[in-house]
2 protein chains.
Amino acid sequence: MSDRPLLPLAGEPPRERADAARNRDALLCAARRLVAERGAADVTTEAVAEAAGVGKGTVFRRFGSREGLMAALLDTSEAAWQGEVLGGPPPLGPGAPPWERLEALGRTLVAKRLLHADLLRAAGRSGARSLAAYSFTAMHVQHLLRELEVEGDLLFLTTALLAPLEIPVLDALVHHDRDIPRVADGWVDLARRITRRPFPGDPSPTYS
Amino acid sequence: MSDRPLLPLAGEPPRERADAARNRDALLCAARRLVAERGAADVTTEAVAEAAGVGKGTVFRRFGSREGLMAALLDTSEAAWQGEVLGGPPPLGPGAPPWERLEALGRTLVAKRLLHADLLRAAGRSGARSLAAYSFTAMHVQHLLRELEVEGDLLFLTTALLAPLEIPVLDALVHHDRDIPRVADGWVDLARRITRRPFPGDPSPTYS
DNA sequence: AATACAAACGGACCCTGGTCCGGTTGTGCC
DNA sequence: GGCACAACCGGACCAGGGTCCGTTTGTATT
């Protein structure tokens with residue numbers, strides 16, 4: 001359960017006390033259960049604390065906020081995805097040409113976001129965790145854009161690529177009858193335009 | 001103050017009672033003042049109610065929620081902007097070619113969003129008002145895209161164009177030293193790519 | 001002017017996220 | 001094992017958003 005060192009960084013200064021670790025796992029476990037049976041929106045911090053047999057204060061010391069707790073529940077799947085991007089099989093992982101990687105990244109990202117939508121909604125953008133997650137994705141997209149020799153304000157273009165995948169925006173899209181594959185197709189089209197790739201079925205673009 | 005019929009629609013079924021109207025104006029007025037002197041984030045509903053000499057319940061009956069109240073504060077500037085889009089002078093208003101209109105729309109939108117950033121942040125995306133505001137912009141963008149004969153999923157492309165202008169995204173951009181003009185330039189570039197317009201300084205794109 | 005009724009009022013009340021601090025407990029060291 | 005100290009714990013407490021309902025008040029009608 002405790003896949004702690006998602007980002008070890010500094011040489012593990014103190015180290016965590018045993019009871020603290022136990023409590024964290026208990027909290028995560030309880031939270032996961034409650035979210036599964038009630039939906040993330042209806043899970044209060046107090047309920048989680050009680051279910052874990054722990055005081056409310058402990059929740060906040062461990063996770064900083066309700067949103068932080070929710071974000072922590074996403075860690076494992078997030079870490080798995082990051083792992084596949086960094087070292088999994090192509091086309092998501094390294095080895096495939098950059099365009100294929102970008103496309104795979106987009107499609108899996110759409111699926112992932114929509115799959116965990118309610119948790120992401122409850123997690124907000126607050127947690128340092130979700131900031132780290134965003135940074136990872138942004139870094140990677142930017143890297144791919146560079147490999148694709150895209151010119152321009154890469155930071156902005158990356159933002160533009162990622163912004164439509166923010167939960168509130170996705171919610172709105174889904175509200176307009178867009179299902180997962182359609183959103184994914186839309187995103188790939190967007191990526192094609194942003195990278196100024198010709199359409200696959202386009203005649204050679206000699207519209208002098 | 002009371003620019004009520006922002007969206008009259010049905011034939012004014014009941015009509016508002018005099019005291020209600022008075023209270024609404026008092027609340028808007030008090031809210032505006034408090035926001036100006038403390039910043040939107042530090043204004044509580046109770047404070048507004050008290051400043052307006054009104055019970056807290058009244059705030060919620062009139063505006064539905066704190067966010068609704070904040071959104072209401074944006075109405076006048078929003079209405080003004082919509083007016084300029086619909087009937088103001090070109091290039092924002094009608095008369096200019098669609099690309100110029102789109103560019104103007106983007107630039108003014110960036111400026112407007114950044115100008116009212118704290119209020120927008122406090123308004124969230126909740127209020128029916130802000131949904132209406134979004135719909136207006138989306139409609140208009142989509143219309144311009146159609147005039148530009150852009151092909152593809154116009155709803156998605158519109159979303160992609162507007163998503164980077166959502167407050168949280170803008171916040172992130174500004175955090176990376178992007179100032180208003182730079183963001184605006186970035187957006188115009190994005191629009192060029194999405195509409196598949198050649199760069200102005202590009203040689204005729206004959207990269208057969 | 002008197003009457004009737006829908007609409008509006010207001011503030012007590014509830015809920016939940018977040019803070020605080022006195023007491024407890026694990027851990028490293030002698 | 002015993003000691004000392006830092007880290008941790010828990011639950012009382014606070015603040016602010018949102019609801020509820022008994023009371024008041026505007027408005028239309030006669």
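Just so it is clear: chains get the letters A, B, ... in the order the sequence lines come, proteins before strands, and each one is counted from 1.
The distance from atom CD of A:Glu16 to atom P of D:dA6 is 19 Å, rounded to the nearest whole Å. The interatomic distance linking A:Leu27 (CG) with C:dG17 (C1') rounds to 15 Å, in whole Å. Per the geometry, CG belonging to B:Leu34 stands 13 Å off P belonging to D:dG16, to the nearest Å. When the C1' atom of C:dC15 is taken as reference, atom CZ of A:Arg66 falls 13 Å away, rounded to whole Å. Atom pair A:Leu69:CG and C:dT16:C1' shows a separation of 14 Å (rounding to whole Å applied). Per the geometry, CZ belonging to A:Arg22 stands 11 Å off P belonging to D:dG10, to the nearest Å. Taking atom CD on A:Glu50 and atom P on D:dA12, their separation rounds to 13 Å, with Å as the unit.
By the 4.5 Å heavy-atom criterion applied to side chains, A:Leu145 and A:Leu161 are counted as neighbours. Proximity of B:His116 to B:Ser77: side-chain heavy atoms (C-beta onward) are separated by under 4.5 Å at one or more points.
Ranked by how close their nearest DNA chain C nucleotide is to the 5' end, B:Asp19 and B:Glu46 are led by B:Asp19. Ranked by how close their nearest DNA chain D nucleotide is to the 5' end, B:Val43 and B:Ala18 are led by B:Val43.
Partners of B:Ala138 according to the side chain to side chain contact (heavy atoms under 4.5 Å, CB included) rule, which considers only residues two or more places apart in sequence or in another chain, are B:Tyr134, B:Thr158, B:Leu162.
Note: A:Leu102 CG to A:Arg107 CZ = 11.0 Å, rounded to the nearest 0.5 Å. One finds the CD atom of A:Glu37 at 11.5 Å from the CG atom of A:Asp42 (value rounded to the nearest 0.5 Å).
At a threshold of 4.0 angstrom between heavy atoms, the contacts of A:Arg17 include nucleobase atoms, whether or not backbone atoms are also involved.
For D:dG17, the OP1/OP2 oxygens have a side-chain nitrogen or oxygen of B:Thr45 closer than 4.0 Å. In this model, the phosphate group of D:dC9 is approached by a side-chain N or O of A:Asn23 to a distance below 4.0 Å at OP1 or OP2.
Of the residues in residues 54-64 of chain A, those with a non-hydrogen atom less than 4.0 angstrom from any atom of DNA chain C are A:Lys56, A:Phe60.
The two atoms that bring A:Arg33 and A:Ala51 nearest to each other are NH2-CB, 4.4 Å, heavy atoms only.
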